[in-house]
Amino acid sequence: MSAATLDSEKLGLVFQSRPDIIEGINRAADSPERVALFNEIVKHVYDQIQVDGEPALKRRKVDAPQSTSSVNGTQRMPAASVNAGDEPILLYIKEISVSVPQRKKFELCLTQNFIYARAPGTAAPIPQITYPWQDIEYIFYLPVPDKTQIHFNYVLFPKGTSLPSKSNPPVVEPLVFTVPATAPKEGVIGGSEAAGASAVSDTFKSLLHWAIERRLRAAGNAIDIVSANPSKFHSVVRQPQRPNEKAVHVSGFRGSKDGYLFFLENGILWGFKKPLIFIPLNRIAAISYTNILQITFNMVVEAFSGGDEPNEELEFGMLDQQDYGGIDDYIKRNGLQDRSMAEQRKAKLQLAENRTSKKEADGKEPCDAAGGDGHTELEKAHLEVEQQLQDDEDEDEEDYDPGSDESDGSGDSSEDGEGDDDDEDGEDNAEEYDEDEEGEEDGDGEEEGEEQELKAEPAPEATKPTKAKAAKPVKAEPVQQNVSQFPFDVV
């Protein structure tokens, strides 16, 4: 090997997972001295990772098949031994909008062993957006909500990224890119398979489904592209942007971030912002409902964690109550356990707690938490809300003291009618004359004595219970008035 030439073979083996480093070395190797230095470095690293005469990088590739057997008539090389940038591009599509892991327009490239993105006008793959076909675990094709024109997202989850471990987070992120429902423009498609792809390019969906599934099968990956099915689940909430189309998502929040829940045939997906989550059905331990209000409710998904880690709970909030029926049907249809009335959920169901404590205080038996009356959990929550409001009204009526606001009933004579006609404030001040009721019928002298006595000292509050007049409405705030303004009748 010439001293002025880089050892591309060893360089690719050592840095096969870092095409950006390879690109940087190629740029920096602009003199024979630097080429010789890089070759020495690569040789040293290569010798360090040799295990029984075979590069250890190939051995460390998780479940990487080392066979070169023919699949669908094509020869397949092990993905661990090649670089994405070194493989010939079978198909590329320009002007693809990527939103995760980076929000930018890229060219999407498909090779024998990889799918990756590259910047327009460049040849090097973006390291963070390079995925071996063998490592892809789930692929979804879903409509993008809140757009007037119909667009679809392709979502690719590499292994270990759909429901990542908290103790061992993955180093790669899912891939999300958007395509319209129309056909590709002329000149957008290229590569050695572009001629065959043109026959299936009526829409972006037909083109990409054909290309992706073809490459998955060639790599020995048997997964399918999963789409939402409105006949199995759809929201009853009308979409303002596309009112004639059934929405296959449910809007909600995870913490402070808004997003969309998709209830799919193989699990529940939360998208399309970071972090994306997909919970396969076989990892769902239970689904329950919390914070049930008149308009919204929360859903908690308990997922089995890998290894010795405890189960993880993922809460999705502010779901529209109108979608409860569809979500509950999905849970029952897939045999998922509903633990809404379990002990660990009761602390969050504050309305149910208040109702139970109220019944216990009244000496009544609380309702059976098992819900054997045939009502769903949401219906029972509605009943509890209505009953709580009724109880609050009953308490307000029980706390009402008519003696504090109405007349004490002493004015059975003609003074009652006159006081009512002249001013209701007379009734308020009339409460101060409980001890002089009988004196009102004795004449002017006793009434003048009353008036002088009231001027001399303030009137005491009524201390004995009085009989209220049932038909008389009461003002919320009585008007304070001087004693001299009280309308007396002189007999």
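You'll find the side chain of V300 stays beyond 4.5 Å of the side chain of I287, heavy atoms only. Here the side chains of V226 and E265 are in contact, with some heavy-atom distance below 4.5 Å. Taking 4.5 Å as the limit, some side-chain heavy atom of K274 sits within range of a side-chain heavy atom of E173. Contact annotation: the side chain of Q149 never approaches that of T182 to less than 4.5 Å [non-hydrogen atoms, C-beta and beyond]. Put simply, the side chain of I115 does not reach to within 4.5 Å of the side chain of R215, judged on heavy atoms. Residues I284 and V301 have side chains in contact (heavy-atom distance under 4.5 Å, counting atoms from C-beta outward). Looking at heavy atoms from C-beta onward, T5 lies out of side-chain contact with N39 at the 4.5 angstrom threshold. Between T148 and R242, every side-chain heavy-atom pair lies at or beyond the 4.5 Å cut-off.
A donor-acceptor pair under 3.5 Å is absent between the side-chain atoms of Y92 and the main chain of A194, judged by distance alone. Side chain of T161 to main chain of P174: no donor-acceptor pair is present (N/O by atom type, distance under 3.5 Å, no hydrogens or angles). In terms of modelled atom types and a separation under 3.5 Å, the side chain of D320 and the main chain of Q322 share a donor-acceptor contact.
N311 and S305 share no side-chain donor-acceptor pair at under 3.5 Å. For the residue pair Q321/T296, the side-chain donor-acceptor check at 3.5 Å is not satisfied. Residues D328 and Y289 bring a donor and an acceptor atom of their side chains to less than 3.5 Å of each other. For the residue pair S198/S201, the side-chain donor-acceptor check at 3.5 Å is not satisfied. In this model, a donor atom of one side chain and an acceptor atom of the other lie less than 3.5 Å apart for E87 and N113.
Taken from NE2 in H234 to CG in D323, the straight-line distance is 9.0 Å, to the nearest 0.5 Å. A distance of 10.5 Å separates CD1 in I22 from CG in L6, rounded to the nearest 0.5 Å. A distance of 9.5 Å separates CD1 of I139 from CG of L175, quoted to the nearest 0.5 Å. Between the OG atom of S97 and the CZ atom of R103 there is a distance of 9.0 Å, given to the nearest 0.5 Å. Taking CG of N298 as the start and CD of E315 as the end, the distance is 4.5 Å to the nearest 0.5 Å. We find the CG-CD1 distance between L156 and I136 to be 4.5 Å, quoted to the nearest 0.5 Å.
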- Item | Criterion side chain to side chain contact (heavy atoms under 4.5 Å, CB included) on F272 and T178, from CA distance to verdict | CA-CA 11 Å; F272 292 102; T178 307; over 6 Å; no
- Please test E137 against K159 for salt bridge (Lys or Arg N to Asp or Glu O under 4.0 Å), starting from the C-alpha separation and ending with a verdict. CA-CA 5 Å; E137 190 173 15; K159 293 177 181 178; over 6 Å; no
- Task: Go through E302 and E312 one step at a time and tell me if the side chain to side chain contact (heavy atoms under 4.5 Å, CB included) criterion holds.
- Result: CA-CA 6 Å; E302 181 183 347; E312 182 180 2; over 6 Å; no
- side chain to side chain contact (heavy atoms under 4.5 Å, CB included) between T203 and L207, intermediate numbers included: CA-CA 6 Å; T203 62; L207 168 64; over 6 Å; no
- Could you go step by step and tell me if N266 and Y138 meet the side chain to side chain contact (heavy atoms under 4.5 Å, CB included) rule? CA-CA 10 Å; N266 58 342; Y138 301 104; 4.1 Å; yes
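Ring geometry for F152 against Y141 counts as parallel: the plane angle stays under 30°, on a 0 to 90° scale with 60° as the upper cut.
Here the two rings, on Y116 and Y131, have centers that are 6.0 Å apart or farther.
Atom CZ of R238 has 12 or fewer heavy atoms from other residues, nucleotides or ligands within 6.0 Å. By the 6.0 Å contact criterion, CD on Q241 is enclosed, its count of non-hydrogen atoms from other residues, nucleotides or ligands being greater than 12. For Q102, the CD atom counts as densely surrounded, since its 6.0 Å shell holds more than 12 non-hydrogen atoms of other residues, nucleotides or ligands.
Geometric assessment of R283 against the ring of F278 yields a negative cation-pi assignment under the 6.0 Å and 45° thresholds. F316 carries R254 over the face of its six-membered ring, with the cationic atom under 6.0 Å from the centre and within 45° of the normal.
Residue pairs meeting the ring-ring contact (aromatic ring centres under 6.0 Å, His included) criterion with at least one member in residues 156-206, sequence neighbours excluded: Y154-F177.
Applying the side chain to side chain contact (heavy atoms under 4.5 Å, CB included) criterion to D224, with sequence neighbours excluded, gives R217. Remark: L37 engages I41 in a side chain to side chain contact (heavy atoms under 4.5 Å, CB included) (not counting sequence neighbours).
Considering all non-hydrogen atoms of both residues, G271 and L276 come closest at CA-CG, 4.4 Å. Counting all heavy atoms, side chain and backbone alike, F15 lies closest to N83 at O-OD1, 4.1 Å. The two residues P101 and Q128 make their nearest non-hydrogen contact at CG-O, 3.7 Å. Across every non-hydrogen atom of I279 and A303, the tightest pair is CG2-CB, 4.2 Å. Residue W133 comes nearest to T111 through the heavy atom pair NE1-O, 3.1 Å, listed as atom of the first residue, atom of the second, then distance. Residues T122 and A119 come closest through the heavy atom pair OG1-O, 2.6 Å.
Salt bridge annotation for E107-R118: present, with a cationic side-chain nitrogen under 4.0 angstrom from a carboxylate oxygen.
Tested against H249, the residues W270, Y260, F233 include a single ring-ring contact (aromatic ring centres under 6.0 Å, His included) partner, Y260.
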